[in-house]
Amino acid sequence: MRRYGRVFREFFRACLVEEMEYRSEFFGNFIASFFGIAVALLTVHIFFYQTDRLGGWTYGEVLVLLGVFNALRGFIDFALRPNMPRLLEHVRRGTLDYVLTKPVDSMFYVSFRHLVFWRLIDVALGLGVIGYGLYVERYVPSAADVFMFLIVMAASLLLIYSLWMMLMTTSFWVVRIDDLSFIFDSFFDTARFPGSMYLFFASKKCREVQEKIHRLASSRLKVPDRGKRTAGSRRERSAVDSSLP
């Protein structure tokens with residue numbers, strides 16, 4: 001375990017030196033992270049402009065959820081996202097053999113060799129949004145709450161890492177796997193808001209579709225008035241009588 005700790009420290013140092021070579025880009029990404037979280041907060045504020053709850057969640061609860069999502073995405077973009085596409089490139093170009101011959105665990109190498117440090121800003125901003133959401137809710141977490149939160153965050157990161165690695169390992173059989181990565185990102189982005197919100201909009205849309213189908217079926221199966229049916233039957237009888245000799 002100490003050996004891998006030293007290896008990760010060397011990865012950390014090498015990537016930090018590489019990141020500091022372009023300091024203007026680093027600070028530009030820093031500003032972009034602030035802009036992104038500001039847009040997300042503005043979106044939540046717009047949702048709550050006309051309502052007090054969103055899918056049964058209060059404003060403060062949605063802010064806490066948004067902060068957790070932003071922190072998780074920061075960790076993912078810090079370590080997983082820079083390395084997973086490189087695994088695909090190793091498989092396509094046939095350079096994975098060079099990784100397998102290195103005196104370190106191959107899974108550890110392909111998972112943590114490249115790190116993007118400015119993404120840790122998203123983690124800090126996410127934690128700040130969580131604190132603001134707790135302030136809005138007037139809730140002070142206990143030590144047990146903080147401990148459980150850390151366990152759940154670690155379990156979430158481990159689950160995301162396992163699912164993404166499972167998708168990436170299919171590149172040994174499927175050459176083009178980029179679309180599956182896009183699907184993973186799309187599903188992960190849905191965690192930005194409460195799941196009950198999507199169920200609410202889905203049920204509302206289903207009711208609208210049912211009402212449209214009902215109106216369409218009623219208009220197609222509309223029964224004519226009794227007077228019109230009587231007049232029509234009289235005309236038909238008179239036409240038949242006139243045709244007879």
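Scope of the values below: all heavy atoms of this structure, side chains included, with no hydrogens, waters or symmetry mates. Along the sequence shown, the residues carry numbers beginning at 1. Remember, it's a predicted structure, so these values are computed and weren't measured experimentally.
Taking CZ from F75 and CG from L72, the interatomic distance works out to 8.0 Å, rounded to the nearest 0.5 Å. Distance CE/M165 to CE/M107: 5.0 Å, rounded to 0.5 Å. Remark: L63 CG to Y132 OH distance equals 6.5 Å, nearest 0.5 Å. Distance CD1/I121 to CD1/I31: 9.5 Å, rounded to 0.5 Å. With rounding to the nearest 0.5 angstrom, the CH2 atom of W57 is 14.5 Å from the CZ atom of F47.
Residues L163 and M166 meet the side-chain proximity criterion, which asks for heavy atoms closer than 4.5 Å. The shortest side-chain heavy-atom distance between R81 and W164 falls under the 4.5 Å cut-off. Side chains of L125 and I37 form a contact here, defined as non-hydrogen atoms less than 4.5 Å apart.
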Donor-acceptor pairs are to be reported for all side-chain atoms of residues 39-46 against protein atoms at under 3.5 Å, with residues two or more places apart or in another chain.
from: T43; atom 1: OG1; to: V39; atom 2: O; distance (Å): 2.9

Donor-acceptor pairs are to be reported for all side-chain atoms of residues 149-161 against protein atoms at under 3.5 Å, with residues two or more places apart or in another chain.
from: S156; atom 1: OG; to: V152; atom 2: O; distance (Å): 2.7
from: Y161; atom 1: OH; to: S111; atom 2: OG; distance (Å): 2.7

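Under the 3.5 Å distance criterion, with hydrogens and angles disregarded, a donor-acceptor pair is assigned to the side chains of D145 and Y139.
Closest heavy-atom contact between I76 and P82: O-CD, 4.2 Å.
Annotation for Y135: atom OH does not count as buried by contact number, only 12 or fewer foreign heavy atoms lying within 6.0 Å.
Between the D122 side chain and the A71 main chain, no donor and acceptor come within less than 3.5 Å of each other. Between the side chain of D52 and the backbone N or O of F48 there is no donor-acceptor pair closer than 3.5 Å. Proximity of a side-chain donor or acceptor of E137 to a complementary backbone N or O of L134 within less than 3.5 Å is not detected. Not one N or O on the side chain of D77 forms a donor-acceptor pair closer than 3.5 Å with the backbone of V116.
When hydrophobic clusters are built by joining Ile, Leu, Val, Met, Phe, Trp and Tyr residues whose side-chain heavy atoms come closer than 4.5 Å, directly or via intermediates, Y109 is grouped together with L100. Tracing side-chain contacts under 4.5 Å through hydrophobic residues (I, L, V, M, F, W, Y), one never reaches Y49 starting from Y59; they form parts of separate clusters.
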- Show your reasoning for whether side chain to side chain contact (heavy atoms under 4.5 Å, CB included) applies to V123 and F78. CA-CA 9 Å; V123 179; F78 167 67; 6.0 Å; no
